[in-house]
Amino acid sequence: MKVHLTRRYVFAASHRLHAPTLSDVQNRETYGKCNNPHGHGHNYALEVTVSGPVSAETGMVCNLVEMDEVVRRDVLERFDHQNLNVLKDFSALVPTTENLAEVVYDILKQSFHAVHLEQVRIEETMMNSFEYAGGGEPHR
Amino acid sequence: MVYLTRKCEFSASHYYHNPQWSEEENRRVFGKCANLNGHGHNYTLEVTVKGKADPTTGFVVDLKQLKDILDREVVCAMDHRHLNKEVPEFAAKIPTTENIAIAIWQRLDEKLSVAKLHRVRLYEMPDLFVDYYGEA
């Protein structure tokens, strides 16, 4: 009985989209107002989906208290109320939400032992969201 | 192939308790969900069926028929009920969101003749939901 379980979390962070390999003009053309020099912020919503068999003993795919604790410790504390650009994770990576989704997936892939990480989905605003289910080169 | 999703809501109470465990163990694993007086949620159910649009009607499924099945099998059976005490599937099974989604799948899969069930998504809270796709 394989079931997917999704839990939603929120965190707030700032970023500026600027690729060092592009000229200032190209950055402006590519990223528009996301390239403003002093950055800006979002309330990100993170949906973490795990999957696995339902335990006959507990009726659960995973212990939610433990899942919350791992996400809080390894993701929320790391990114909430931070400027993404100055974090080590983005020292060589533009902090687009695409890249953020990959980074968060790679972190949780290492953190979750008891349950399979299926995908992460991040809403940057109500209008756009990004999903990553692994398959690329890990960033860390 | 077209996927069609119908949504409905029900409110129910439940508690989590494994009778083979001590009270301490139940409390450790299930936290406040182990309170035997129970507690409740407003559940939101999204049922997705799949099929080809019928050339005559343009429908994947007769929505009225789907709504009737949902009303009978889920809403009448679970809305304003105590899941542990009133829904037979949970006489000996813990009514976690995972197990409720599986029970709803099994109830619907038997009754749906016109379209194929694709997914049962059940929200316990806006920040927690499970998906069940059956046993492929």
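A note on names: the letters A, B, ... follow the listed sequences, proteins ahead of strands, and every chain is numbered from 1.
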Show me the donor-acceptor pairs within less than 3.5 Å that the side chains of residues 118-128 of chain B make with the rest of the protein, sequence neighbours left out.
from, atom 1, to, atom 2, distance (Å)
B/Arg121, NE, B/Asp131, OD1, 2.7
B/Arg121, NH2, B/Asp131, OD2, 3.1
B/Glu124, OE2, B/Thr97, OG1, 2.9

Neighbour count >12 (heavy atoms, 6.0 Å) for atom [atom1], [X]:
| X | atom1 | result |
| --- | --- | --- |
| B/Glu135 | CD | yes |
| B/Met1 | CE | yes |
| A/Lys109 | NZ | yes |
| B/Phe59 | CZ | no |

Among B/Tyr132, B/Tyr133, B/Trp105, the residue with the most heavy-atom pairs under 4.5 Å to chain A is B/Tyr132
Highest number of heavy-atom pairs under 4.5 Å with chain A: which of B/Asn26, B/Val130, B/Ile94, B/Asn18? B/Val130
Quick one: list whatever passes side chain to side chain donor-acceptor pair (under 3.5 Å) with A/Asn128, sequence neighbours left out. A/Glu124, A/Thr125
Joint cluster assignment, [X] & [Y], ILVMFWY side-chain distance < 4.5 Å:
| X | Y | value |
| --- | --- | --- |
| B/Phe129 | A/Leu117 | no |
| A/Tyr132 | A/Phe112 | yes |
| A/Tyr44 | A/Tyr9 | yes |
| B/Tyr16 | A/Val3 | no |
| A/Tyr31 | A/Leu84 | no |

So which heavy atom on A/Met1 is nearest to which on B/Gln106, and how close? CE-NE2, 3.5 Å
Taking non-hydrogen atoms and a cut-off under 4.5 angstrom, which of residues 56-75 of chain A neighbour chain B? A/Glu57, A/Thr58, A/Gly59, A/Met60, A/Val61, A/Cys62, A/Asn63, A/Leu64
Sort by residue number and list every member of residues 29-52 of chain B having a non-hydrogen atom under 4.5 Å from chain A. B/Val29, B/Phe30
